[in-house]
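Data first, discussion second: the structure below is written as structure tokens.
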Amino acid sequence: MTTSVTVSRIRRRQIAQLIANGMRLDGRGLTEYREIKIERGLIERAEGSAKVSLGRTIVLVGVKVGVGEPYSDRPNEGVLTVNSELVPLASPEFEAGPPGEESIELARVVDRGIRESKSIALEELCIIPGKKVFIIFVDVYVLNHDGNLIDASAMAALAALLNTKIFNYEVEDGEVKIKPGFKPLPVKDYPIAVTLAEIDGKLVVDPWLDEEEVMNARITFAFDKEGRICAIQKGGSGFFTKEQVLEAMRIAREKAAELRKLVVEG
Amino acid sequence: MTTSVTVSRIRRRQIAQLIANGMRLDGRGLTEYREIKIERGLIERAEGSAKVSLGRTIVLVGVKVGVGEPYSDRPNEGVLTVNSELVPLASPEFEAGPPGEESIELARVVDRGIRESKSIALEELCIIPGKKVFIIFVDVYVLNHDGNLIDASAMAALAALLNTKIFNYEVEDGEVKIKPGFKPLPVKDYPIAVTLAEIDGKLVVDPWLDEEEVMNARITFAFDKEGRICAIQKGGSGFFTKEQVLEAMRIAREKAAELRKLVVEG
Amino acid sequence: MTTSVTVSRIRRRQIAQLIANGMRLDGRGLTEYREIKIERGLIERAEGSAKVSLGRTIVLVGVKVGVGEPYSDRPNEGVLTVNSELVPLASPEFEAGPPGEESIELARVVDRGIRESKSIALEELCIIPGKKVFIIFVDVYVLNHDGNLIDASAMAALAALLNTKIFNYEVEDGEVKIKPGFKPLPVKDYPIAVTLAEIDGKLVVDPWLDEEEVMNARITFAFDKEGRICAIQKGGSGFFTKEQVLEAMRIAREKAAELRKLVVEG
Amino acid sequence: MTQRVYEKLIDEEGKRVDGREWNELRPIKIEVGVLNNADGSAYIEQGKNKILAAVYGPREAHPRHLTLPDRALLRCRYHMAPFSVEERKSPAPSRREIELSKVIREALEPAIFLEHYPRTAIDLFIEILQADGGTRCAGITVASLALADAGIPMRDLVVACAAGKVGDRIVLDLNDVEDKEGEADVPIAFMPNLNAVTLLQMDGTLTPEEFEQAVNLAIEGCRQIYKMQKDALKARYLAIKKEVEEQ
Amino acid sequence: MTQRVYEKLIDEEGKRVDGREWNELRPIKIEVGVLNNADGSAYIEQGKNKILAAVYGPREAHPRHLTLPDRALLRCRYHMAPFSVEERKSPAPSRREIELSKVIREALEPAIFLEHYPRTAIDLFIEILQADGGTRCAGITVASLALADAGIPMRDLVVACAAGKVGDRIVLDLNDVEDKEGEADVPIAFMPNLNAVTLLQMDGTLTPEEFEQAVNLAIEGCRQIYKMQKDALKARYLAIKKEVEEQ
Amino acid sequence: MTQRVYEKLIDEEGKRVDGREWNELRPIKIEVGVLNNADGSAYIEQGKNKILAAVYGPREAHPRHLTLPDRALLRCRYHMAPFSVEERKSPAPSRREIELSKVIREALEPAIFLEHYPRTAIDLFIEILQADGGTRCAGITVASLALADAGIPMRDLVVACAAGKVGDRIVLDLNDVEDKEGEADVPIAFMPNLNAVTLLQMDGTLTPEEFEQAVNLAIEGCRQIYKMQKDALKARYLAIKKEVEEQ
């Protein structure tokens with residue numbers, strides 16, 4: 001225990017000193033992402049799926065489509081529900097059990113980006129108004145945690161939604177009958193999240209786990225395809241100056257456009 | 001820890017000795033309540049509310065009115081549900097989480113007084129028999145715990161019910177439509193709970209926290225407006241003699257009449 | 001603690017040595033059950049009940065019959081649900097709280113025997129297809145744990161099902177009206193579970209608690225009335241050779257026929 | 001579902017729905033020492049109530065920081081079997097069961113010399129196998145025998161019985177129908193030697209005079225059951241003595 | 001159920017649904033030291049928001065292995081009373097409440113000298129008694145006063161306020177209707193002396209330019225509330241002083 | 001929802017729904033060492049099953065009093081991803097998952113020299129990413145490789161495979177349709193070098209003769225998969241060797 005704390009202090013100093021000089025321990029530039037790999041449709045049993053590797057961080061997202069009741073205040077809209085599991089095989093820190101605050105925050109930030117950008121045309125997912133609508137379950141499954149779960153999860157969620165199919169149906173006497181064939185889920189916008197960490201006064205994008213342990217705080221901006229901000233989340237027990245916030249927003253906007261190409265155009 | 005136990009022993013002896021002589025550490029007589037303050041209607045968003053201070057004990061009760069299904073064995077009656085939360089800001093002893101036995105007992109004793117006195121005319125709260133009735137949620141929220149939560153909560157609940165309004169409605173094709181305006185909740189009786197503690201063979205009303213720590217046992221009597229007993233609860237790990245029980249009942253009946261005036265007439 | 005471990009080691013050696021010589025500490029032969037007592041119908045409020053004593057192991061099973069919705073993929077069948085509680089008065093090892101893995105395994109093995117043998121004619125328990133069916137709740141209540149809970153529970157469950165009655169009814173306008181009188185639950189098969197433990201290379205039936213602590217592994221076979229296997233469960237952190245598995249199956253089949261007479265013919 | 005509805009809870013001759021007089025207890029059967037693993041146990045039938053109680057302890061408790069430096073921690077679980085009532089009960093403890101566990105514990109605590117066993121726990125489990133009104137009282141009566149059977153030193157046995165108001169009469173030991181249809185129910189736990197009321201609750205409404213009558217009647221019922229408790233303990237003692245002598 | 005529907009969130013004269021100008025805060029009332037048992041406490045009304053905060057600690061924490069060797073553990077619970085919102089809220093913590101508890105804790109942590117109290121816990125409880133939009137911001141504002149009232153040393157008070165976009169205008173301090181019907185909401189927590197943004201979130205959509213305006217406006221709002229925080233602390237200090245002198 | 005219904009599980013030519021012979025395994029792909037954080041990990045595809053296993057430990061366990069003085073505590077969680085099955089599965093562990101976690105742990109325990117690591121825990125996580133019948137068997141097969149990859153000393157690899165009865169034939173390695181529509185399923189875990197059956201369960205009905213056939217067939221399947229396990233381990237060993245040499 002003592003040793004590991006000591007090592008971590010040395011490493012912490014090393015990471016911070018490098019960043020002060022515009023460099024990173026893994027050789028990246030300050031605004032450079034780790035290598036991104038996207039695999040689509042690998043869970044055939046799910047209506048949509050994608051696996052994103054961000055360096056050694058691996059996130060699998062599966063989308064299931066069900067039928068259920070709409071919210072009473074939105075009788076003509078489908079329902080989107082985003083859930084995340086920090087599966088204990090992904091990190092020695094993760095534990096089995098009901099989702100903790102970190103997992104809930106992750107799911108809610110991914111949800112916010114999709115919802116606020118109106119990415120899914122929920123109004124096209126109504127089957128019988130007030131009674132039956134499609135429910136889109138987006139399940140974020142973290143398989144290996146090496147930092148920046150938000151960006152990897154948001155990318156994987158978008159990639160999975162983009163290959164999600166919903167079954168054809170007809171309504172007969174108030175019952176939903178499934179018909180052969182599928183059509184794609186109506187995805188209208190492509191929200192992308194970009195996270196920056198503040199370390200020793202500098203901003204770096206896509207922090208890996210060691211940087212997350214060193215950082216003062218992180219901030220995530222999600223952008224829609226028009227370059228409008230559609231979600232923000234500051235995390236961590238430090239702070240940003242107002243000027244850092246605005247600088248982070250500008251960097252994030254640029255990176256979001258780059259990442260969107262990767263995810264959407266594949 | 002040791003110190004506090006010692007102090008508590010000295011204080012315990014002091015409290016008990018005074019009571020043996022018919023006096024109390026805070027200057028009250030044995031059958032005297034602490035100062036009672038009642039504020040009504042302070043939560044505008046709730047259909048009814050009241051805050052009761054009993055000395056330094058503070059209880060806030062909010063009443064929400066919803067629409068739901070009746071119990072299957074009472075298809076023509078509204079539903080009353082009393083819940084209590086020992087909010088952790090009220091005492092260093094309270095913890096967040098699902099309600100413990102103390103909280104459940106508190107809610108159930110308050111509930112019993114209201115229910116057994118038939119305080120709320122539940123039969124007037126049926127909207128569509130067997131399908132839709134009004135649900136009256138009484139939420140007891142303890143904000144500062146300085147003893148005798150039962151009496152303060154029962155008073156606050158009654159005061160809150162007395163200013164509860166239910167919305168006008170009409171039924172159209174089995175659907176409930178809300179119409180403008182409100183009418184008062186039909187409150188027919190005014191149950192009042194009075195708690196006595198047994199300390200060194202003497203009975204005292206309205207024990208404060210220090211007395212609760214010293215007492216052998218407590219007993220609560222609730223009375224309806226006719227002076228009939230409508231709920232009893234003995235608590236604590238000591239006992240009462242039969243004669244003490246009857247004496248406590250007589251004292252409680254007298255005090256209940258006094259308190260009722262405060263709560264009902266304001 | 002130390003003492004008890006020591007004693008247990010001596011006892012362990014003693015139990016194993018005896019078994020190696022074809023004997024058991026409580027005087028039984030290797031394939032001999034403890035004394036079995038069955039009391040039927042002792043919980044009048046339940047639609048069916050039975051208490052089985054297997055030596056000092058006591059299991060009470062109550063069967064309640066309710067009305068509810070069928071599973072959506074089996075709209076014309078009643079529902080069987082088996083639950084087990086290792087009530088904390090049965091053993092110093094049992095704790096109050098939600099069922100643990102041992103309790104869940106017990107319930108699921110008992111369930112499997114009943115279900116796979118098609119013991120209950122679930123298709124006769126449909127009231128209104130897709131809407132209302134009988135639900136058969138089998139609650140296994142362990143009252144004293146002295147080993148081999150599976151066999152005792154399976155016997156008690158079967159005995160309880162055999163004296164379960166379901167009320168007469170008629171359907172009027174989609175509502176179920178109860179009519180006077182009862183008929184027996186349609187029980188078509190009589191699954192019996194037999195458990196063997198492996199201790200020092202030998203197989204013994206009906207292990208008591210001390211033997212369970214010593215055993216390498218246990219295996220349960222359930223048989224239907226035709227002598228076909230209808231459930232198997234290996235338990236414990238040891239293993240069986242393939243030959244032991246087959247030998248155990250043959251012994252179990254023979255014992256099952258004996259036990260079935262006791263339970264069915266009473 | 002199959003519950004009869006009674007037109008009158010007291011008939012013209014003053015008899016109750018089960019034929020009892022106003023001051024008559026239901027038939028009671030008590031047995032002490034019925035379970036093998038528990039340190040103490042007992043079983044009671046009172047009317048159609050069938051209740052088991054078992055005691056483990058004094059024993060070590062986890063987590064340790066919950067134990068008390070100057071006395072034993074008494075823990076109590078009142079629990080109903082899913083099949084004990086008309087409609088199947090979920091096994092998860094209800095709010096009612098949690099409240100009853102608390103008041104039953106507080107009804108027994110005054111009887112036990114907890115100070116003899118600091119830093120330990122005494123666990124008491126009451127299982128309602130069949131419920132027929134008055135389970136908390138019968139539960140206390142049988143639990144106090146389980147404690148005695150476990151050899152835990154007590155000031156007196158605690159015995160419990162309810163009185164109540166049914167069809168305008170104050171009656172003893174209400175059964176399920178009387179409890180549900182009657183006007184009031186007053187369960188009382190009592191230690192006869194100490195004139196100590198250790199549990200007192202009430203549902204329904206009563207005038208002060210009716211309440212006093214009910215208290216007196218319930219305590220009278222307690223005294224009768226107290227004798228049966230003692231007899232059951234004696235029977236257990238004789239059985240053990242015989243067992244020992246035969247060895 | 002009884003919620004009005006507004007046709008326009010900004011009227012012809014540029015007034016908002018509650019009559020405010022675009023850059024106007026709702027009426028705010030703050031009181032420090034309102035609860036007796038807590039080590040520190042405060043109360044705020046902002047519009048119809050009614051929020052209590054209380055602090056216990058630094059104090060011992062269980063289980064011990066959760067404490068930190070080099071600083072205090074800050075724990076925070078943001079919780080809504082069941083009656084605080086239009087439709088009764090279940091008392092169990094929702095996912096929203098769990099997220100807000102986390103971001104509020106992270107908004108306050110940068111202000112506290114946690115390293116002064118290793119191996120202890122500081123517990124912060126925020127109770128929303130009535131909710132009217134912007135509860136997380138008002139909750140942070142009042143929580144930071146409760147911390148100060150508990151005598152916990154801080155780098156600066158944390159103050160919070162939202163700006164957002166409503167009816168195409170960037171406006172300050174959104175109320176419930178504006179929050180639900182408006183285009184975007186940007187809550188910000190700020191330490192004025194350190195130019196430190198300690199919480200920043202956003203719902204809705206904004207262009208970068210709108211976002212910058214919103215940030216500037218929210219921080220302006222924070223500075224105004226900051227003055228009220230200081231006044232409330234001063235009032236509390238004077239009250240205590242008077243109390244002490246009178247003794 | 002989109003599941004096909006099969007008229008015959010075995011066609012006129014004796015072929016199964018997916019074209020296999022009665023004694024033919026589904027295609028299997030195994031990879032060892034696929035996750036970075038875990039101490040050991042492996043991945044298997046068997047038919048459409050896609051399963052990950054990871055091992056952490058031997059490591060410290062909390063709470064301490066759960067550890068064992070004479071050996072490591074093996075903990076096992078078998079868990080299905082919500083999207084792994086036809087209808088979305090709630091993430092909370094089902095009774096089925098709890099039972100399978102237990103029998104899988106008991107299938108692996110006989111293989112591990114737990115006594116080498118007293119007072120520690122070995123945590124095994126099996127995640128079913130996609131389920132296609134026989135997940136417990138494939139889960140055991142892949143878990144035992146993850147244990148080996150973590151360097152945990154074992155008596156033998158545990159390998160598992162089911163046989164069953166489908167359309168009146170005893171067949172090997174049932175897929176999802178055969179599992180649901182067939183007459184019986186007999187999953188078996190086996191250590192070939194020790195002739196040790198470490199898991200055995202059965203659903204459905206079989207005569208003693210059919211059972212014996214099924215056991216023999218399943219063990220035959222185990223032996224085939226065992227070879228693939230060894231090959232996968234060897235491939236992992238060679239990859240590591242290469243990596244080390246290149247450094």
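Throughout, a chain's letter reflects where its sequence line sits, starting with A, and its residues are numbered from 1. Excluded from the calculations below are hydrogen atoms, water molecules and symmetry mates; all remaining heavy atoms, backbone and side chain alike, are included. Remember, predicted model here, so these are calculated numbers, not experimental data.
The distance from atom CD of E:Glu212 to atom CG of A:Leu246, rounded to the nearest 0.5 Å, is 4.5 Å. Annotation: the span from E:Glu99 atom CD to A:Ser103 atom OG amounts to 11.5 Å, rounded to 0.5 Å. Taken from CG in E:Leu100 to CD in A:Glu101, the straight-line distance is 11.5 Å, to the nearest 0.5 Å. Note that the CG atom of E:Asn216 and the NZ atom of A:Lys242 stand 3.5 Å from one another [nearest 0.5 Å]. Rounding to the nearest 0.5 Å gives a distance of 7.5 Å between CD1 of A:Ile232 and CG of E:Leu206. Rounding to the nearest 0.5 Å gives a distance of 6.0 Å between CD of E:Glu106 and CD of A:Glu105.
Here the shortest heavy-atom pairing between E:Arg95 and A:Pro99 reads NH1-CG, 4.4 Å.
Counting heavy atoms from C-beta on, the side chains of A:Arg250 and E:Pro208 never come closer than 4.5 Å. Residues A:Arg112 and E:Asp203 have side chains in contact (heavy-atom distance under 4.5 Å, counting atoms from C-beta outward). Here the side chains of A:Gln233 and E:Val103 are in contact, with some heavy-atom distance below 4.5 Å. At a threshold of 4.5 Å between non-hydrogen side-chain atoms, the residues E:Leu200 and A:Val245 count as touching.
Residues of residues 217-226 of chain A that come within less than 4.5 angstrom of chain E, heavy atom to heavy atom, are A:Arg218, A:Ile219, A:Phe221, A:Asp224 in numerical order. Taking non-hydrogen atoms and a 4.5 Å limit, the residue list of residues 192-213 of chain A in contact with chain E is empty. Proximity to chain E at a heavy-atom threshold of 4.5 Å picks out nothing from residues 68-75 of chain A.
Heavy-atom distances place no part of A:Arg115 under 4.5 Å from chain E, backbone and side chain included. Neither the backbone nor the side chain of E:Leu74 comes within less than 4.5 Å of any heavy atom of chain A.
Within the structure, ring-ring contact (aromatic ring centres under 6.0 Å, His included) contacts touching residues 231-255 of chain A (residues at least two apart or in different chains) do not occur.
For NZ of E:Lys102, the number of neighbouring non-hydrogen atoms (other residues, nucleotides, ligands) closer than 6.0 Å is greater than 12. Within 6.0 Å of CD in A:Glu254 there are 12 or fewer heavy atoms belonging to other residues, nucleotides or ligands.
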Go through E:Arg96 and A:Arg108 one step at a time and tell me if the side-chain contact (heavy atoms from CB on, under 4.5 Å) criterion holds.
CA-CA 8 Å; E:Arg96 178 180 167 276; A:Arg108 285 177 59 86; 3.6 Å; yes
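The candidate with the highest count of non-hydrogen atom pairs below 4.5 Å against chain E, out of A:Gly227, A:Gly238, A:Gly236, is A:Gly236. Interface check for chain A: of the options E:Leu108, E:Thr198, E:Ile188, E:Val215, the most heavy-atom pairs under 4.5 Å are formed by E:Thr198.
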